[in-house]
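One structure is given here, and the rest of the page talks about it.
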Amino acid sequence: MADATDSVDTNWALLFACWLLVSAASLGSLFFSEVMELPPCTLCWYQRIFMFPLPILLAMGLFPFDAKVVRFALPIAFLGWVVAAYHLLLHVGVIPEGVSPCSRGVSCKTKYLDIFGFVSIPLLSLLAFSSVITLLLILRRRLA
Amino acid sequence: MADATDSVDTNWALLFACWLLVSAASLGSLFFSEVMELPPCTLCWYQRIFMFPLPILLAMGLFPFDAKVVRFALPIAFLGWVVAAYHLLLHVGVIPEGVSPCSRGVSCKTKYLDIFGFVSIPLLSLLAFSSVITLLLILRRRLA
Amino acid sequence: MKKHQLVIFGAAALLIMFAVGGYFYKQQRSKKTQAMAKQTESPLSRAYAQTLGPADAKVVIVEFFDPGCETCRMFAAPVKRLLDSYPGKVRLVKRYAPFHDGADKVVQILEAARLQGKYWETLDLLFEGQHRWADHHSPNPDMVWQLVASLGLDMERLRRDVNDPKILAIVRQDITDAQALGVHKTPGFFVNGKTMSSFGLEQLQALVAQEVEAQYER
Amino acid sequence: MKKHQLVIFGAAALLIMFAVGGYFYKQQRSKKTQAMAKQTESPLSRAYAQTLGPADAKVVIVEFFDPGCETCRMFAAPVKRLLDSYPGKVRLVKRYAPFHDGADKVVQILEAARLQGKYWETLDLLFEGQHRWADHHSPNPDMVWQLVASLGLDMERLRRDVNDPKILAIVRQDITDAQALGVHKTPGFFVNGKTMSSFGLEQLQALVAQEVEAQYER
């Protein structure tokens, strides 16, 4: 190709993979709430807070390719990972139930999805955040 | 000051003002939900999705100062503005009620706050998003 | 492949997966409810429910509604007109999904009024005065009592009947059925067990027209 | 001033404003509830409520609870022990905030059992079997009937009493009062109208100890 800036190199491909991942995770979350009509609990919303801005952020870093986006996206993804990990621990019962009062609305312990007996929504969320953080860290090391 | 990178110039001050604004808006939102215990409606959550990541994002742009952050923050703030504007129109009744089905949980038309008869939560949100967009646009022009 | 093509292709692939997944999910759910609509007793068909229109109509609209829901109020008149436009062919079944706080008590009053043969008058009145008793902040079933007093009902009997175990059982069964059918919003419509692709009066009219054609004109 | 000092100062200022604002807001609310606690009839004090402990106790714990709430179950025994540790000085008032779906029906059963003098036995049993009837997905009041059958209650009378207008009025009033008092989570405690700074058993114990000291030892 004559135009070097429009040909795909490995770094761009990594960031693109990252973008695909967070876009898929965001759409998956919307699928649960809008198509399957499962009401999101408060912890789900906090995970959405740290997931939904990522497709926009990473898209901005793809055109033109800008390595700076990794630095801006990492802390957001990391906070999402923390919330997802907490949610999963609460879900499987590692964090003892009942330390917090019961409130109206959707309980964060409600198990909506259950594939093969262990795949739950918080687990999917934690996997998504872990993957995006891994990809971003690989990218950061390559660019350093 | 001997260390030039640690002295405050106008651009940095503008970005800092921006950061203060989004941090105050985020804490204000948390005050409504955690201290006053007003349950957030779905549209409130979507506004939080586009507000809560901004303090983190802008803080990353303050140390070291990085003009790139403006480009990354603007689309997120803009989407938040759109949601806030929609919420306000719904709230004051410009968008006719009843076009959407009633659902369980908090109605987005519920008026919790009412200062001087017109200051509502969606209005505060729209003001916050408008101000941050204005500041970011000023900063972008100065840096162009 | 160029960068922007890759991104457009990726976004399109994700959106198509979302749409196709959603289509199949709703398709699957619709199959279940269509099967239910053919049974005489199922979450979708309960013998106890109030109906409007001839029993032999081949098109049955099941409506899950909440007397405190504004959108339900707005759908009441157009749905009745819809029945009139296909005389003898469409039947309406009223079911309850009282999601608003206190709405279940209002449903009990409505069912008690039904025992005195004033279901539709009471429902019309409830919708008419909805803005007064069904404020989202503080639903007020007591105000409903003042409202229905004007209907010429035997109020003493009404007050006794609202807590009739049969009426409580109806409300409980309807709520359970709504949950089983995935009705999370009101009004929730099923036309011969089929649901609308998206929510709206026009979509409902189109679905009814389609079902009338399928049942009567082929 | 250097950049990082400015940011630290800004963050600190915002957080202090948040904390001070929160403090004054809660302070304001606490003043209102403390005034209510001194009245004989207010959202905080209702003559109809079930109590435990002597009527002349100067420290009154008002607990808003939901029989379907796990945390309420976990607080039941420790709160009773708390009463025992200050004999004659503390009284417990049980109020309802049935936020879980179907929990209001369970409250009605509990109040009906109270008419037969078996309030505490029924409550203990309800908490014991909570995991069976109060699943978040599908709360099952019918299973509660099977559960309470073992208590030796007059079941026929119980079935009649659950729909007693007086019981319905109690449940309605408690829900209204909980809303007025800003109880959005259960259990919600007020000790002589004062609330805990943060939620927890230790905080409750500390608050009770403080009130006992204030009322009896000065």
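What you see is a predicted model; the values in this text were computed from it and never measured.
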Problem set entry | A/Ile56 portion near chain B, given a 4.5 angstrom heavy-atom threshold | side chain
Exercise. Is it true that atom CZ of B/Phe32 has more than 12 heavy atoms of other residues, nucleotides or ligands lying nearer than 6.0 Å?
Worked result: yes
Exercise. Who are the ring-ring contact (aromatic ring centres under 6.0 Å, His included) partners of B/Trp81, not counting sequence neighbours?
Worked result: none
Problem set entry | CE on A/Met51 to CD1 on B/Ile49, rounded to 0.5 Å | 11.5 Å
Exercise. Can you tell me how far the CZ atom of A/Phe72 sits from the NZ atom of B/Lys68, to the nearest 0.5 Å?
Worked result: 8.5 Å
Seminar exercise, completed: One should read off an interatomic distance between B/Tyr46 OH and A/Phe52 CZ, to the nearest 0.5 angstrom, of 5.0 Å
For this session: Evaluate the ring planes of B/Trp45 and A/Trp45, with Trp represented by its six-membered ring, and classify them as parallel (under 30°), tilted (30 to 60°) or perpendicular (over 60°).
Result: parallel
